[in-house]
Protein chains: 2
Amino acid sequence: MANKHLKIRIYNGGTVAMGPGKAELLETIDTCGSISSAAKQMQMSYRRAWELVDVMNKCFNQPVVTSASGGQHGGGAHLTDFGRFILKSYRDLVVKAQLATELELNQILSNLNQSE
Amino acid sequence: MANKHLKIRIYNGGTVAMGPGKAELLETIDTCGSISSAAKQMQMSYRRAWELVDVMNKCFNQPVVTSASGGQHGGGAHLTDFGRFILKSYRDLVVKAQLATELELNQILSNLNQSE
DNA sequence: TATCGTTATTCCTATTTGAATATAACGATA
DNA sequence: TATCGTTATATTCAAATAGGAATAACGATA
């Protein structure tokens, strides 16, 4: 039953500004301190991780992640306060949505076949 | 600001059982009476519309759409009572989710750049 | 100034997706 | 039984997407 679930994405025009994957990436960058190590931990190419960050930074009116190259450890990336704010808003949004729609969600999920 | 919005999809494993596009298709089939005319109205290929219906019918433990070929007008398709039930559940779910997350949604949407 | 791991970017290829086309089957009706 | 518009399905081709590999730039440190 863990494979039946709800996903919420927030769009800016045709592009996803925030969603499950981007939120997870932000959290992983926060704990890892760099895009590359976050990508490795999430088993995602650096290219893709960087692109997701780029999309977010371009969608919002402030950067959610700042980064620098060079230095002793090659550089790194970290969430901005704004990034933390957006991330928390999204996480809260998902939780509240799940709570508020328990009835309807269950009406749908309980009628799904098993998958995988 | 109409281009900033939230989309909710419900997954059965890796496949989308219900989402904005499938819900709209169900409504259009309901008013049109056939997959082909619904596809035409939504400017979507018949092949794609049929596939979306097929995915839904396979995801759920009962069909959401039944169809028949042949007859005076070539046949047609219509929503089952179960299909109407799932559709209404999804529509209610989306409305309730929006209402319950107004604060967080606005915190995110208000920080998005304009797009298009 | 050489080293290091990371950021940032480009290029090319493989895979996936989507659309268009074609065709058979269907069955109520005239 | 001929007609009709639809369902259902396969095939092919173009387009979009994803992924991998390669490389330059960066800057603190030794």
Side-chain angles (χ1 to χ4, degrees), chain A residues 7 9 11-17 19-22 24-60 63-80 83, chain B residues 7 9 11 13-17 19-22 24-60 62-80 83 115-116:
Chain A
K7 284 185 184 174
R9 293 189 171 87
Y11 285 73
N12 191 22
T15 70
V16 178
K22 291 192 173 74
E24 188 184 345
L25 178 60
L26 290 185
E27 282 156 1
T28 312
I29 289 174
D30 197 26
T31 59
C32 289
S34 77
I35 296 176
S36 71
S37 55
K40 192 169 297 180
Q41 182 169 318
M42 290 180 69
Q43 296 180 310
M44 166 191 305
S45 69
Y46 170 82
R47 191 189 183 287
R48 173 146 179 74
W50 180 87
E51 198 176 41
L52 293 179
V53 169
D54 190 53
V55 167
M56 284 187 276
N57 278 344
K58 283 176 177 165
C59 274
F60 289 100
V64 294
V65 169
T66 55
S67 56
S69 67
Q72 189 174 16
H73 301 300
H78 66 273
L79 257 68
T80 62
Chain B
K7 282 186 184 173
R9 293 189 172 87
Y11 285 75
T15 70
V16 179
K22 291 193 173 73
E24 187 184 346
L25 178 60
L26 289 186
E27 282 156 2
T28 312
I29 288 174
D30 196 28
T31 60
C32 289
S34 76
I35 296 176
S36 70
S37 55
K40 193 169 295 179
Q41 182 169 318
M42 290 181 68
Q43 294 180 311
M44 166 190 307
S45 68
Y46 170 81
R47 191 189 183 289
R48 172 146 179 75
W50 180 87
E51 197 176 40
L52 293 179
V53 170
D54 190 52
V55 166
M56 284 187 276
N57 279 344
K58 284 177 177 164
C59 273
F60 289 100
Q62 302 171 51
V64 294
V65 169
T66 55
S67 56
S69 67
Q72 188 174 17
H73 303 300
H78 66 274
L79 259 67
T80 62
S115 69
E116 278 118 279

Euclidean distance, atom CD of residue Q72(B) to atom C1' of dT1(D) [Å, nearest integer]: 17 Å
Nearest to the side chain of I35(B), which nucleotide is it out of dG19(D), dT7(C), dT7(D)? dT7(D)
Options dT7(D), dT7(C), dA19(C), nucleotide nearest the side-chain atoms of A77(B): dT7(D)
Tell me which nucleotide, if any, is Watson-Crick or G-U wobble paired with dT17(D) when both distances must be under 3.5 Å. dA14(C)
In whole Å, I'd like the distance from the CZ atom of R47(B) to the P atom of dT23(C). 17 Å
Nearest whole angstrom, please: distance from the C1' of dC11(C) to the CD of E51(A). 14 Å
Is there a side chain to side chain contact (heavy atoms under 4.5 Å, CB included) between L52(B) and M44(B)? Walk through the geometry before answering. CA-CA 11 Å; L52(B) 293 179; M44(B) 166 190 307; 4.1 Å; yes
Over all heavy atoms of both residues, which pair between I35(A) and A77(A) is shortest? Give the atoms and the distance, please. CG1-CB, 3.8 Å
Expressed as a whole number of angstroms, how long is the span from L52(B):CG to dT7(D):P? 14 Å
Passing option when V65(A) is tested against D30(A), D54(A), V53(A) for side chain to side chain contact (heavy atoms under 4.5 Å, CB included): V53(A)
Separation of dG19(D) atom P from K40(A) atom NZ, nearest Å, is 17 Å
In the structure I gave you, are the side-chain heavy atoms of K58(A) and T15(A) within less than 4.5 Å of one another anywhere? no
Could you tell me the separation between the NE2 atom of H73(A) and the C1' atom of dC4(C), rounded to a whole number of Å? 10 Å
Need to verify one output field. Residue with the more 5' nearest nucleotide on DNA chain C, D54(A) or G74(B)? D54(A)
At less than 4.0 Å, is any side-chain N or O atom of S36(A) found next to OP1 or OP2 of dT7(C)? Yes or no. yes
Should W50(B) be listed as having a side-chain N or O under 4.0 Å from OP1 or OP2 of dA8(D)? yes
Please report, rounded to the nearest Å, how far the C1' atom of dT6(D) is from the NE2 atom of H78(B). 15 Å
Side-chain heavy-atom pair K22(A), V55(A) within 4.5 angstrom cut-off: yes
By nearest-nucleotide position on DNA chain D, the 5'-leaning member of M44(A) and G71(A) is M44(A)
Counterpart base for dT3(D), defined by Watson-Crick or G-U wobble contacts under 3.5 Å: dA28(C)
On DNA chain D, check which nucleotide each of S67(B) and G70(A) is closest to and give me the residue with the more 5' one. S67(B)
From the options dT6(C), dT7(D), dG19(D), select the nucleotide whose nearest atom is closest to the side chain of R48(A). dG19(D)
For K58(A) and dA8(C), give me the distance from atom NZ to atom P, rounded to whole Å. 11 Å
